[in-house]
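Following: one structure in structure tokens, then a few remarks.
Note that this is a predicted model, so its numbers are computed, not measured.
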Amino acid sequence: MFNFENSAAWAGARDQRDELASFREQFHIPRHQESESVYFCGNSLGLQPRKTRDYVNQELEDWAKLGVEGHFKPHTGWFAYHELLRESTARLVGALPHEVVVMNHLTVNLHLLLVSFYRPSADRYKIICEGGAFPSDRYALQSQVEWHGFDAEDALIELQPRKGEHIVRQEDILAAIEDCGDSLALVMLGGVHYFTGQVLDMKTITEAAHEVEAYAGFDLAHAAGNLELQLHDWNVDFAAWCSYKYLNGGPGTVAGAYVHERHARNPHLPRFAGWWGNDPAQRFSMPHRFVPVPSADSWQLSNAPILEMAALRASMELFERAGMKRLREKSLELTGYLLHVIRAVLLDKGNPGLLEVITPFEEQQQGCQLSLQFNTGGRSVFESMTASGVISDWREPDQEGRSGGVIRVAPVPLYNSFMDVWRFGEALRTAL
Ligand SMILES: *Cc1c(COP(=O)(O)O)cnc(C)c1O
């Protein structure tokens with residue numbers, strides 16, 4: 001498909017032709033000794049856009065100059081500051097503008113959405129989730145189940161890969177949904193698995209969930225800013241994501257949430273309420289009864305964290321300019337090149353079994369990230385690469401022995417280059 005070559009000349013020439021290449025200059029790239037490091041950790045903490053500081057400083061200055069009047073200053077008044085992120089966020093996840101809201105943090109948003117979308121009854125109380133889910137997601141689901149008086153062991157159906165396989169097959173997910181049938185309340189999965197990098201077919205899974213009258217919600221921590229999402233068209237009920245990974249909003253910054261309009265505009269759907277979710281026209285008149293804004297905004301509780309939002313705006317502007325379509329096209333090629341380079345290095349070493357790429361190879365099942373599993377020696381490979389200026393992420397072997405140690409690497413199309421990938425390959429060669 002692509003004519004890859006594992007050479008600096010090929011990578012350099014490909015970067016020359018890359019129409020997104022100039023976005024790299026919009027970021028601070030961490031340095032290692034005399035040169036830029038190879039930063040493949042955008043799936044964990046995205047880099048800082050150069051403009052972030054200006055956006056944040058602007059709000060600090062307005063606060064210094066205007067005090068409380070800042071709430072109503074023209075254009076960027078804090079009263080409606082979250083509106084500034086609405087359109088770009090909606091485009092990013094393929095939603096209508098009133099289906100998204102930027103608020104809180106990921107796990108908080110999961111809980112708020114579960115309050116509305118997990119209302120179990122004695123017959124319908126099960127949740128399908130992934131085995132080996134990100135701990136915060138598992139804790140959120142466990143605690144919700146137990147808070148409703150059910151037993152997590154019974155209510156949580158954790159999908160596992162088949163014996164000897166690394167990823168859960170789509171057909172097994174669909175079969176599990178069908179098996180649960182009327183007892184299923186909710187399917188709650190990561191759109192991209194944080195550990196294996198597997199991308200799920202969210203549309204088909206949502207259809208299957210609806211078939212048995214269950215809801216489908218997704219954690220998009222590793223999907224937002226990574227894939228082209230179509231949450232509205234896929235009919236997904238709800239979703240939440242963080243903004244500090246692929247979205248480069250800064251450490252721990254304000255997160256996002258999506259609620260399909262058929263729910264967002266349903267005033268009878270129970271939700272936890274706060275003044276910022278109330279109809280803004282009445283926010284300061286403090287009516288007695290909560291009147292939800294007919295949009296995802298009605299899940300907002302508190303007034304918005306302006307400094308975090310200012311930081312996120314700097315990055316969302318870059319996503320707007322680059323566009324998810326072009327980013328995804330580059331991403332497929334960049335990650336495809338990474339796979340090519342890794343295979344070439346293993347071949348040169350005469351030992352293709354030194355590591356195994358557990359991320360599926362098919363385009364529809366792959367995002368930026370590849371997960372490289374080592375039976376032995378992974379940790380020292382990781383440490384050696386880190387010492388040479390390659391920033392990636394190490395996950396210890398599974399305690400139950402289900403998997404060896406894993407290095408996760410994620411070249412991101414906004415600021416990584418084909419040369420970064422080639423340099424990664426050379427660092428891997430040395431480390432092996
Ligand atoms: C990163 C990540 C989180 C982190 O949750 P926070 O509430 O932002 O701390 C949760 N779930 C998944 C799947 C993640 O990848």
Review point. According to the interplanar angle, ranging from 0 to 90°, do the rings of Phe418 and Trp10 count as parallel (below 30°), tilted (30 to 60°) or perpendicular (above 60°)?
Key: perpendicular
Check your understanding: Is Phe382 close to Ser392 at the side-chain level, that is, under 4.5 Å between some pair of heavy atoms?
Key -> yes
Check your understanding: Okay, side chain of Ser371, backbone of Arg408: is any donor-acceptor separation there less than 3.5 Å?
Key -> no
Point to revise | Donor on one side chain, acceptor on other, Ser116 and Trp299, under 3.5 Å | key: yes
Exercise for review: Give me the one residue out of Asp420, Leu372, Val409 that meets side-chain contact (heavy atoms from CB on, under 4.5 Å) with Leu338.
Suggested key: Val409
Check your understanding: Got a second to check how far Leu312's CG is from Thr52's OG1, nearest 0.5 Å?
Key -> 9.0 Å
Review point. Closest heavy-atom contact between Ala221 and Leu106?
Key: CB-CD2, 3.7 Å
Check your understanding: Should the heavy atoms of other residues, nucleotides or ligands under 6.0 Å from CD of Glu153 be counted, would the total exceed 12?
Key -> no
Check your understanding: Do you see a donor-acceptor pair shorter than 3.5 Å between the side chains of Gln58 and Asp54?
Key -> no
Exercise for review: Using a strict cut-off of less than 4.0 Å between a Lys/Arg side-chain nitrogen and an Asp/Glu carboxylate oxygen, indicate whether Asp237 and Arg262 qualify as a salt bridge.
Suggested key: yes
Practice item. Examine the side chains of Trp275 and Gln300 and answer whether a donor and an acceptor come within less than 3.5 Å of each other. Key: no
Practice item. Would you indicate whether Asn3, at its atom CG, is surrounded by more than 12 heavy atoms from other residues, nucleotides or ligands within a distance under 6.0 Å? Key: no
Review point. Are there more than 12 heavy atoms of other residues, nucleotides or ligands under 6.0 Å from atom OH of Tyr139?
Key: no
Exercise for review: Taking Glu317 for its side chain and Ala314 for its backbone only, find out whether a donor-acceptor pair lies under 3.5 Å.
Suggested key: no
Review point. Going by distance alone, is a donor N or O of one side chain under 3.5 Å from an acceptor N or O of the other, for His263 and Glu99?
Key: no
Practice item. Measure from NZ or CZ of Lys245 to the centre of the six-membered ring of Phe134, then state whether that distance is under 6.0 Å and the direction lies within 45° of the axis. Key: yes
Review point. If you draw the axis of the six-membered ring of Phe361, does the NZ or CZ of Arg343 fall within 45° of it and under 6.0 Å from the ring centre?
Key: yes
Practice item. Look at the side chain of Glu83 and the backbone N and O of Ala80, then say whether any donor-acceptor pair between them is shorter than 3.5 Å. Key: no
Study note, to complete from the structure: From the list Trp63, Trp78, Phe79, ring-ring contact (aromatic ring centres under 6.0 Å, His included) partner of His71 resolves to Trp78
Practice item. Measure the shortest side-chain to side-chain distance between His193 and Ile167 over non-hydrogen atoms and say whether it is less than 4.5 angstrom. Key: no
**Study point:** Check: Val168 main-chain N/O paired with Arg162 side-chain donor or acceptor under 3.5 Å
**Key:** no
Practice item. Identify whether the distance between the nearest side-chain nitrogen and carboxylate oxygen of Arg138 and Glu130 falls below 4.0 Å. Key: no
Review point. Side chain of His210, backbone of Glu213: donor and acceptor closer than 3.5 Å?
Key: no
Check your understanding: Any side-chain donor-acceptor pair under 3.5 Å between Arg31 and Ser37?
Key -> no
Check your understanding: Looking at Asp393 and Arg395, does any basic side-chain N land under 4.0 Å from a carboxylate oxygen?
Key -> yes
Check your understanding: Does the distance from a Lys or Arg side-chain N to an Asp or Glu carboxylate O, for Glu19 and Lys330, drop under 4.0 Å?
Key -> no
Review point. Is Gln198 reaching over with its side chain to a backbone N or O of Thr359, donor-acceptor style, under 3.5 angstrom?
Key: no
Point to revise | Ring geometry between His340 and Phe4 (parallel below 30°, tilted from 30 to 60°, perpendicular above 60°) | key: tilted
Check your understanding: Any sub-3.5 Å donor-acceptor pair from Tyr337's side-chain atoms to Glu5's backbone N or O?
Key -> yes
Review point. Between Glu329 and Lys325, is there a side-chain N and carboxylate O pair less than 4.0 Å apart?
Key: yes
Practice item. Evaluate the side-chain proximity of Phe27 to Leu318: yes if any heavy-atom separation is below 4.5 Å, no if none is. Key: yes
Check your understanding: Within the side chain of Asn416, is there an N or O that forms a donor-acceptor pair under 3.5 Å with the backbone of Phe40?
Key -> no
Check your understanding: In Å, rounded to the nearest 0.5 Å, how long is the span from CD of Glu146 to CZ of Phe150?
Key -> 12.0 Å
Check your understanding: Quick one: do Arg24 and Glu36 make a salt bridge, cutoff under 4.0 Å?
Key -> yes
Exercise for review: Give a yes or no on this: more than 12 heavy atoms of other residues, nucleotides or ligands lie within 6.0 Å of atom CD of Glu165.
Suggested key: yes
Practice item. Take the angle between the ring planes of Trp394 and Phe374 and call it parallel below 30°, perpendicular above 60°, tilted in between. Key: tilted
Review point. How far does CE of Met103 sit from OG of Ser302, to the nearest 0.5 angstrom?
Key: 10.5 Å
**Study point:** Pair Tyr125-Asp154, side-chain donor/acceptor within less than 3.5 Å
**Key:** yes
Practice item. Return yes when atom CD of Glu396 has more than 12 non-hydrogen atoms of other residues, nucleotides or ligands closer than 6.0 Å, and no otherwise. Key: yes
Point to revise | Ser298 side chain vs Pro294 backbone, donor-acceptor pair below 3.5 Å | key: no
Check your understanding: Looking only at atom types and distance, does a side-chain atom of Tyr258 sit under 3.5 Å from a main-chain N or O of Val236, one as donor and one as acceptor?
Key -> yes
